[in-house]
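Every chain is numbered from 1, with letters handed out A, B, ... down the list of sequences. Quantities reported herein were computed from a predicted structural model and do not represent experimental measurements.
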Amino acid sequence: MTHLDWGLFALYFVGVVSFALYQSRRNVGVEGYFLANRRMPWWAIGLSVMATQASAITFIGTTGQAFDNGMSFIQFYLALPFAMVILCAVFVPFFYRARVFTAYEYLEGRFDAKTRALAGFLFLVSRGMGAGIILYAPAIVLSVILGWDERVTILVMALVTVAYTMVGGITAVIWTDVVQMLMVFGGIAVALLALFANLPDGVGVGDVLYIGGIQEMWRSVDFSLDPTNTYTVWTGLLGGLFLFLAYFGTDQSQVQRYLAATSLKDSRLSLVFNGFLKVPMQILILSIGVLLFVFYHFEQPPLVFSPAEVSVVEASPRAGELRALQEEHVRVHAQRLEATQELLEERHRGADVEEWRAVIQGYDERLRELRSSAKGIVAEVRGRASNDVNYVFPTYIVQYIPMGLLGLLIAVIFAAAMSSLDSEITALSSATVMDFYRRWFRREASDAHYLMVARLATMFWGVFAFGVALYAGQLGSLIEAVNQIGSFFYGSLLGVFLLAFFVKPANGTGATVGLLAGMGSVFLVSVGTGISWLYYNVVGAVVVVVVGTLVSRLTRGGEGEPA
Amino acid sequence: MRPDRDGGSLGGEGASDDSVEGSGRERVGPFPSWGWVYGTLIVYGVLMLGVLTVLTWVLDPGTTP
């Protein structure tokens with residue numbers, strides 16, 4: 001890191017905090033703090049919705065996944081445009097017209113207080129954990145780049161984010177999200193351009209596409225019907241649809257955003273905006289990972305990118321095994337480099353390159369096996385799965401990104417993380433205050449009192465996220481970890497809202513029993529079957545609707561619900 | 001408040017609103033109604049899947065999409 005990089009990095013921190021405080025100067029009262037007095041424009045909310053979902057995990061974990069497994073992760077997002085249509089047509093009008101503060105407040109209006117409390121509690125548990133993981137991701141980056149202790153990095157970032165969120169509330173969060181999301185777009189462009197610029201002379205776009213294609217890295221769709229495979233078109237369309245409906249339709253961190261819109265039209269437009277932009281953005285982010293794969297055909301990649309994981313193995317009795325793998329890795333890479341150069345020469349001459357293609361494919365597979373073996377050793381020595389996938393992109397930017405741009409990209413990774421963290425802790429704070437504190441402990445108090453409690457709750461969740469972040473390193477690939485945590489609760493929560501919207505006779509008892517049955521079913525499916533975790537959302541939602549409807553019919557009359 | 005008390009189904013509160021906004025007849029930018037916006041988004045989603053399928057086939061000739 002040069003002085004210029006440090007300067008850009010510091011400028012980001014000072015700029016974002018100043019901007020947040022400036023934008024939040026008109027915030028008055030608890031409605032201003034949690035919903036910006038319902039005066040935000042659609043485009044700002046749309047960018048904030050994207051920024052909330054696209055955390056540093058997206059930037060780091062997704063590129064690393066694409067480096068190892070290609071573009072197949074994009075299938076996860078294929079259902080997003082369809083989910084947005086359902087959300088705009090069904091979910092948003094219900095929430096917006098109910099004039100609620102939280103999604104769970106709606107459930108009390110429709111069902112009863114216990115359903116609201118249970119749903120709110122599940123949200124607090126799952127997203128509280130998620131906030132910790134979001135905080136941990138950039139700490140990995142700085143641990144590589146600066147040699148800082150991850151705990152110090154986590155603390156610094158949590159302090160800054162909590163400070164501006166505490167003071168400015170949702171207004172500060174949404175406006176900083178706008179800036180941070182624009183920075184992420186810029187960072188994606190810079191990373192792609194830098195990767196192309198770092199390729200050897202004479203290697204063109206066509207060559208990059210061809211080399212990536214040798215190992216099927218551009219393979220974006222898989223139509224196989226295997227339900228245990230997370231990355232197929234069908235898993236993405238069905239499991240992804242339910243996940244996105246649950247995330248955007250029942251997670252307070254997203255619902256809070258479109259509740260802050262000036263009108264119902266603005267609320268919907270913010271989601272439509274997201275529906276159009278999200279898939280292309282993910283394609284570009286995944287392309288960075290595939291380009292890294294191609295780039296490392298010409299430069300020697302580390303066998304294991306994480307210095308921490310290498311150190312752990314080197315200090316163990318299995319250091320010799322890792323060294324042997326590293327030596328073979330260097331040897332095979334040199335052979336692949338030679339073969340790649342031969343292939344490109346032949347290709348530029350217009351000759352048949354099928355033979356070279358097969359040779360390179362063999363080297364690619366051997367290198368993949370070596371990396372897999374090394375990760376296996378790391379996992380055995382550490383006693384938990386390797387999370388080396390998260391170190392691929394950070395290692396590249398440290399070694400190959402020129403002065404100035406390095407500071408910018410680091411700031412982008414921070415921006416991605418902070419724009420998600422601030423949204424999560426504001427949402428956690430709103431659910432804590434509105435669904436629990438004001439509902440159960442202090443029903444009548446001044447606006448100033450609730451505002452003070454809201455700020456304290458924001459601080460509490462910042463501290464909680466910090467605590468979780470200290471242990472997040474044990475969760476393997478971060479992006480999957482966040483989504484897996486959500487999948488245990490999300491589908492069932494979605495089921496409760498579907499019950500509320502579509503099943504007229506449904507009552508509170510039915511919803512609560514259905515919710516518990518849904519979560520129980522997801523647990524049983526997760527331990528008893530090998531199906532992809534993306535289907536957990538489908539299982540949870542369907543069980544809640546079926547059980548909730550049956551129980552409601554059985555208990556009809558007892559609660560005075562409409563028949 | 002029980003916002004959905006009189007209409008818990010889709011045909012209730014959301015769809016029975018008579019105001020122009022949200023009724024489906026509202027003009028949305030260049031689109032004549034929300035139905036057009038949703039239709040465009042659905043076609044866009046299908047096109048994305050189609051484009052990715054073709055790209056997979058073109059760029060990874062060894063695979064059968």
- Query: A/Val221 and B/Trp57: side chain to side chain contact (heavy atoms under 4.5 Å, CB included), yes or no, with the steps?
  - Reply: CA-CA 9 Å; A/Val221 289; B/Trp57 184 65; over 6 Å; no

Between [atom1] on residue [X] and [atom2] on residue [Y], distance to nearest 0.5 Å:
X	Y	atom1	atom2	result
A/Gln282	B/Met48	CD	CE	12.0 Å
A/Met84	B/Ile42	CE	CD1	13.5 Å
B/Leu55	A/Ile74	CG	CD1	11.5 Å
B/Leu52	A/Met71	CG	CE	7.0 Å

Under 4.5 Å from any heavy atom of chain B - which part of [X]:
X	value
A/Ile86	neither
A/Phe82	side chain
A/Val233	side chain
A/Ile283	side chain

- Task: With side chain to side chain contact (heavy atoms under 4.5 Å, CB included) as the test, would you mind laying out the steps for B/Thr40 and A/Phe276 before giving the verdict?
- Result: CA-CA 10 Å; B/Thr40 306; A/Phe276 278 109; 4.1 Å; yes

ask   = Quick one: are B/Val37 and A/Val85 in side-chain contact, heavy atoms under 4.5 Å?
value = no

ask   = Does any non-hydrogen side-chain atom of B/Val58 lie less than 4.5 Å from one of A/Trp218?
value = no

Cut-off 4.5 Å, heavy atoms of chain A, and the answer for B/Tyr38 is both

More than 12 heavy atoms of other residues, nucleotides or ligands under 6.0 Å from CZ of A/Arg368: is that the case? yes

